[in-house]
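Encoded as structure tokens, the structure appears first; notes follow it.
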Amino acid sequence: MADLKMVETAAAKSAAVAAAGTPLLSVENLQAWYGESHILHGISFNVNAGEVVTLLGRNGAGKTTTLKSVMGIIGKRTGSVRFDNQEIIRASSDKIARLGIAICPEERGIFASLDVRENLMLPPVVRSGGLSLDQIFDLFPNLKERLNSQGTKLSGGEQQMLAIARILRTGARFLMLDEPTEGLAPVIIQQIGHTIARLKSEGFTILLVEQNFRFASTVADRYYIVEHGKIIDGFSNSELQANMEKLHTYLGV
Amino acid sequence: MADEFILETHGLTKEFAGFFAVRDVGLKVRRGSIHALIGPNGAGKTTCFNLLTKFLRPSAGQILYKGRDITAMAPADVARLGLVRSFQISAVFPHLTALENVRVALQRQHGHSFDFWRSKTVLDRFNGRARELLDDVGLSEFADTQAVEMPYGRKRALEIATTLALDPEMMLLDEPMAGMGHEDIDKIAALIKRISAKYTILMVEHNLSVVAHLSDVITVLTRGHVLAEGNYADLTKDERVKEAYLGAGHG
Amino acid sequence: AQDKTVKVGALSDQSGLYSDLGGPGSTLAAQMAVEDSGLTGKGWKIDVISADHLNKPDVGANIARQWFDVDKVDIIVDVPNSGVALAVSNIVKEKNGIFIDSGAGTSDLTNAQCTPNTIHWTYDTYMLAHGTGSALTKNGGDTWFFLTADYAFGAALERDTTTAVLAAGGKVLGGIKHPLNTSDFSSFLLQAQASKAKVVGLANAGGDTTNAIKQAAEFGLTQGGQKMAALLLFISDVHALGLNTAQGLNFTETFYWDMNDQTRAFSKRFQERMKNHTMPTMVHAGVYSSLLHYFKALEALGGNPHDGAKVVAKMKEMPTDDPLFGKGSIEPNGRKIHPAYLFEVKTPSESKGPWDYYKLLATIPADEAFTPLDKSTCSLLKK
Amino acid sequence: MTVTTDNIIPVAARTVRDEMIAFGIMTVLLLIVPFTGIYPFFVMQALCFALLACAFNLLIGYGGLLSFGHAMFLGTAGYVSGHALKVWGLPPELGIVVGTLAAAGLAVITGLIAIRRQGIYFAMITLALSQLLYFIYLQTPFTHGEDGIQGIPQGYMFGFLNLSNPTVLYYVVLAGFLLGFLLIFRTINSPFGEVLKSIRENEPRAISLGYKTDHYKLLAFILSGTLAGFAGALKVFVAQNASLTDVHWTMSGEIVLMTLVGGLGTIFGPVVGAFVIIAMEQYLAGFGQWVTVIQGVVFVICVLAFRRGIVGEVAHFFRLSL
Amino acid sequence: MQALYAQLLVGLINGSFYALLSLGLAVIFGMLNIINFAHGALYMMGAFCAYFLLNLANIGYWPALIIAPVAVGIFGMILERTLLRWLTGLDHLYGLLLTFGLALIIQGIFQNYFGSSGLPYSIPDALKGGANLGFMYLPIYRGWVVVFSLVVCLLTWYLIERTRLGAYLRAATENPTLVRAFGINVPRMITLTYGLGVGLAALAGVLSAPINQVRPQMGADLIIVVFAVVVIGGMGSIMGSIITGFALGVIEGLTKYFYPEASNTVVFVLMVLVLLVKPTGLTGRAN
Ligand SMILES: Nc1ncnc2c1ncn2[C@@H]1O[C@H](COP(=O)(O)OP(=O)(O)OP(=O)(O)O)[C@@H](O)[C@H]1O
Ligand SMILES: Nc1ncnc2c1ncn2[C@@H]1O[C@H](COP(=O)(O)OP(=O)(O)OP(=O)(O)O)[C@@H](O)[C@H]1O
Ligand SMILES: [Mg+2]
Ligand SMILES: [Mg+2]
């Protein structure tokens, strides 16, 4: 359990970082429940426009739940989630999506009744500026080859690629990727790393959840540590070395 | 020969409507070894597993397990011969407790499965063994929790415990570490190492440090066929493997 | 036996297929019979209760059993649906109650399965088949083709009608067995058309009959000179079909509201009190007149002996005479006999107002309309 | 821990003790019925349907297989028993055996076809098979079409129990019901029951553990069909007739309704449900036309508001395992 | 031989009702994951609606062809909003049970107010009469039914399979939460889809009013057959249910000619056979 002091310093730090720009997403005292079990106990963090921020934490800490709460797909949630200066804690997920937030879920969410092309084309374009199909096939050549297979007939890794690819098309500026490297071959992981870097350079903002710390460290600007439904620490990439010790205790890296 | 290699395939091929997911694969798994199957996404690893455990019917080729041709067998029969798999997307019985999950597997081993006239209290004698297995994978505190309510990584561990309960001669593990935190990975890796003394293990894994650390032999698959085979050190020097799988960062 | 309390149970299909021909109308008819009997003025206490048998024989049997055991019912009336009627008849015999069936068609009630406690009042399959079969053949419809519902009831109707047609010198050119609850008859109608028979006989019931009639009009069978003969049809069905569709249809009934002053008077009163102001069917009429006869028998006995067989014997002994069916009698096997009428449905131009539907083609005298006693297989007759 | 209700039936951790107490209470209540003045035929009828619903529940509640054709077992056993008693003149006990065996045979045949498919397809296949059978029974002579087999003699069971005596009949039916109920209860809490549950939860996983799941499903189907047939054979003595309504698909729907009202996947739910529905049919008979509407409303309310059914809600409220 | 042609044609006519009804069922099943047991009752409502329009408002067949499906469709949407909505995410079973209950209620109410023998409705004047085709007398109305339902079926198919809507709907069946998170208003889409499926049923009802007696029970037995059609065609497969609908009409027609006693059972026999050989139905997607 994080003691109070730690939380305070963490919050102070993140506030300091946030001050550098206007936060695109700011989450404050977010609480969330699955049925009657209380999962998030007051999450607070910010993501600035153009940043890559990574949530780290043990299995079951509440990282996925945080992303889902921002997306509006957790039944009961309280607190404040502001995106682009708009309060969205009460909004329905289709509205949130239309504001330009897109999620690549942990379980991938490939549709069995749709073929690969349909899966890819499924999310409606919410604004211009998304990747074109050619750009996508450049990134993930596997997909082009299997375009007419049934979505869930793809290999595990191919499904992961598809899940990422389809939200790149939509033009959403704020992407939430839940463990995008899970089950991917090292070559592809490198590719995804490049993709994230490129997206960032093109002005996308990315909120990442990762178990693969090594990978995260190659792309992230800042880190937050989630434990037992709270943010217990946060630091930027430059402070990484200094925090390795702590990271070890948090994550066992 | 049957003694040395517990599992052999010859010319194993699987075609999906003109697309060859697995092509002419000859695999030899040595008894008592940890054998890793790696390869880029879509290389056909899971398909191989499905063929070996008969969840898919091969288009061509032959599968020998303990010297016996199992090419035409039903999946449940293969499992009964001691060749048991785990799934890439975690497979547990969601509304049973962890203990019950493991017990279902023990029960198959030790009979009574068709006894509808007997009280299930006869199954209580499996509880001890089930708890031991849960201990082994670090799930003792979850024994009475329903599987749905367990975090993802724990479900993977539970799946391994359930598989172990069958006391299989050979286990096929499909990405056992996927989605796990570092601590869990270490735990499961240690577990696999420990059980490998007794069982033969064929596993698919993308986590290279795990592969490096655990496996005796590695087969690299690309586009459905075998690209290379050898130990970790040799393979990381192989240019073709680097290009197809490891990427630029390695070597 | 000076007990003057009576309990009448109207057991019917209140919500299903037969609810229009029996159902709430039968309960009303029973109440009207109580009122018109004048017994209440003479110190009798008569109650009418009703229930829905849902067309399930076991539900019907249970209700009947419970009525006798718990509610002390003396007599059960109506009970459309042959399966339920036979089940009820068995219970009534076991409990020594009285059962006057008006709604069901099966002639088994007065043959193989007759009991000393059961009277079959209004109509039965034999009478329908013979009435329509012989009268129509004699009127010139001497070649027949059957559309028969493929189950016991349909087969019995077809068999009896065939006998009657042949006896009257006609010929049967062919027939088709169609499954129960067929919504589309066009295939069968085409075959009927191709047979060139003068009469197409519908040996079926309910929705099967009305759909067949409607589609026959569509396929122009009647315009082509063929006659449609429905072997079982009620005025409620004709009303539902509308004259446009039903015109020219032939069938037999034992009651029509517009026969004489008495039937008209009863029917007008009935219509006023019915929920949706329909005219009585022959089943309703049967419930009414059978109860009147029952009350007469009770009065003759001087009280209610609560002994079904005894009252039924009394009823059989007395000749019947009531405003709706006229003079008649009850045979030893429980069969009530009265005249039957072959009707044809009027064309819209012939009809002079609402419910003016039928014209009378022939009257079949009482002694010819029903199974002759020497042909009845009822065990009560073999003494 | 609360269980989310997104699965058909949450498998609560059961304690057999609650169930035993409830069973005791139920048995005592049923034993004293003849002394209470409650009309015994109503209870007998309800007991037959209760057994039927329990048999059905075994399949859906514990095997996850929704049969929409269970009436075929009820009706088949009814017809065969009825025929055996009336035409062949068999004694009651043999009549029951013959009817039950006929249902068991039917369950083997239909089971072999039906269990090859899951979920909604399973429901549809069972529905189709029972419709087939309905049309066959409608047309074969021995069932006497819509008239049904009537006036089936009750006779003397084992040569000395006079089944025409309502009290004797009541206890015979009760004994039959308890026998069937206990068998189902035992099956659910047996090693076989455990395997069945795991198959319902995740079939591929069960296969990969070496279970030939089809065999288990088939056995469950046969058990369920046989017991449903047993209920049908008992019912012949109560109703003294066998008719088409027992094979019609609406009867299958009614079985589902009973189980749902009482509580899917609860041991006592189907019993309570059967009593409620039969009571409705019996006592609402006076409401005439509105019976079907009321039934429909009950259906809708149950699905929307009391998904756990009567017993399920009570058990949930008091945190009991029933 | 001529008689055979006649039977084939008649079968096709019948098939158009199966096609329309099974199409509606398939749309609803495919998209909402609900086995709509109330379909028969809604079909019946369509026919009754036509009757009311004629007898209460003096609105004839042609306007009824549009008004009735819309009205019943709206009624369906209300049902979806108020009742079915609560079942999202639950097992199929609950949808089946709820709609079964609804069917009982709707049928019961109509039965109470309009009796069981039904009400008359005649063929519109423009379509009265028939044509002698040489091998058979074809009522013009029947010809109209085939053509019209074929057009409606194809339009529906196009709407669902050839526009984005279809993909949305199919995806929403599998994982509504995620589809919503992509920015699609899933609840509204589902309501409209249910309305569409129900509207198709009502349309079939209006079409059948002049040929079948308008009775409360008219849908009850038909629905079971239509279920079989949908299952044979492959649940949720739009084209499958259209083709199977027509094909089964023809097969049934032939059975009526060669062995009429079996014409009610043939569809169930076929269904069992098809499911044994091809579990997902003739054109069903594997899942
Ligand atoms: N559907 C659910 N119902 C109930 N509890 C749930 C549900 N999903 C997750 N939980 C619980 O919520 C907690 C947080 O889960 P979450 O998925 O957010 O963790 P996570 O940090 O993403 O973990 P992981 O790294 O394993 O993905 C865990 O304790 C988990 O057991
Ligand atoms: N049932 C199927 N039908 C058609 N194509 C399939 C089917 N199953 C797999 N494939 C294809 O076969 C190829 C091999 O798939 P497989 O799942 O074996 O890959 P993998 O090696 O396990 O990859 P990963 O590491 O991503 O899990 C993939 O391109 C996949 O799209
Ligand atoms: Mg997660
Ligand atoms: Mg794989």
Side-chain angles (χ1 to χ4, degrees), chain C residues 13-21 23-25 147-148 150-151 175-191 193-194 206-215 217-221 223-224 233-246 275-276 278 281, chain E residues 2-3 6-7 9-11 13-15 17-18 107-108 111-123 128-130 132 135-142 208 210-222 224-225 249 252-257 259-266:
Chain C
D13 170 11
Q14 309 281 7
S15 54
L17 211 52
Y18 306 111
S19 56
D20 284 354
L21 60 95
L147 293 188
T148 307
D150 190 18
Y151 65 114
I176 293 177
K177 286 196 185 316
H178 71 79
L180 192 63
N181 291 327
T182 298
S183 60
D184 184 80
F185 282 86
S186 30
S187 289
F188 307 130
L189 289 169
L190 285 176
Q191 296 177 51
Q193 212 166 19
D208 282 344
T209 312
T210 47
N211 278 337
I213 292 168
K214 203 164 176 179
Q215 291 166 20
E218 189 195 352
F219 275 83
L221 261 71
Q223 286 100 305
L233 201 76
F234 298 88
I235 195 165
S236 49
D237 298 320
V238 174
H239 182 65
L241 282 164
L243 285 186
N244 262 329
T245 316
K275 191 179 63 181
N276 37 11
T278 53
T281 62
Chain E
Q2 293 206 331
Q7 297 303 333
L9 185 59
V10 161
I13 297 169
N14 233 349
F17 285 101
Y18 289 155
Q107 238 154 264
Q111 189 98 45
N112 282 344
Y113 287 102
F114 307 103
S116 53
S117 25
L119 304 164
Y121 193 90
S122 33
I123 297 178
K128 277 212 170 102
N132 202 329
F135 58 89
M136 76 176 284
Y137 174 89
L138 177 72
I140 292 176
Y141 187 77
R142 299 257 167 176
S208 87
I211 16 186
N212 289 313
Q213 186 69 344
V214 180
R215 294 180 305 134
Q217 298 285 347
M218 66 192 286
D221 288 298
L222 191 59
I224 301 288
V225 178
E252 210 186 68
L254 292 180
T255 323
K256 277 177 177 166
Y257 185 67
Y259 186 50
E261 288 89 335
S263 59
N264 263 14
T265 30
V266 65

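Worth saying up front: this structure is predicted, and the values here are computed from it rather than measured. All chains are named by letter (A, B, ...) in the order of the sequence lines, taking the proteins before the strands, and each is independently numbered beginning at 1.
- Here CG of C:N276 is found 10.0 Å from CZ of E:F114. Values are rounded to the nearest 0.5 Å.
- Once rounded to the nearest 0.5 Å, the distance linking CD1 of E:I211 with OG of C:S183 reads 9.0 Å.
- Ranked by non-hydrogen atom pairs under 4.5 Å with chain E, the options C:T278, C:L241, C:T210, C:D150 are led by C:L241.
- Looking only at distances, a side-chain donor or acceptor of C:K214 sits under 3.5 Å from a matching main-chain atom of E:N212.
- Contact of E:L119 with chain C is made through the backbone alone, with heavy-atom distances under 4.5 Å.
- Here the straight-line distance linking atom OG1 of C:T245 with atom CD of E:Q213 works out to 7.5 Å at 0.5 Å rounding.
- Chain E forms more heavy-atom pairs under 4.5 Å with one residue of C:A217, C:G220, C:A240 than with any other, namely C:A240.
- Between E:E252 and C:D184, the closest side-chain pair of non-hydrogen atoms is not below 4.5 Å.
- In this structure, C:E218 CD and E:I123 CD1 are separated by 4.5 Å, a value rounded to the nearest 0.5 Å.
- Annotation: the span from C:D13 atom CG to E:Q111 atom CD amounts to 7.5 Å, rounded to 0.5 Å.
- From C:Q191, atom CD reaches atom CD of E:Q7 across 5.0 Å, with rounding to the nearest 0.5 Å.
- Within the 4.5 angstrom heavy-atom criterion, no atom of C:F234 approaches chain E.
- When heavy atoms are compared at a cutoff of 4.5 Å, E:P210 approaches chain C solely by way of its backbone atoms N, CA, C and O.
- Your options are E:R142, E:K128, E:R215, and the one with the most heavy-atom pairs under 4.5 Å with chain C is E:R142.
- Listed for the C:K275 side chain is a donor-acceptor partner under 3.5 Å among the backbone atoms of E:N112.
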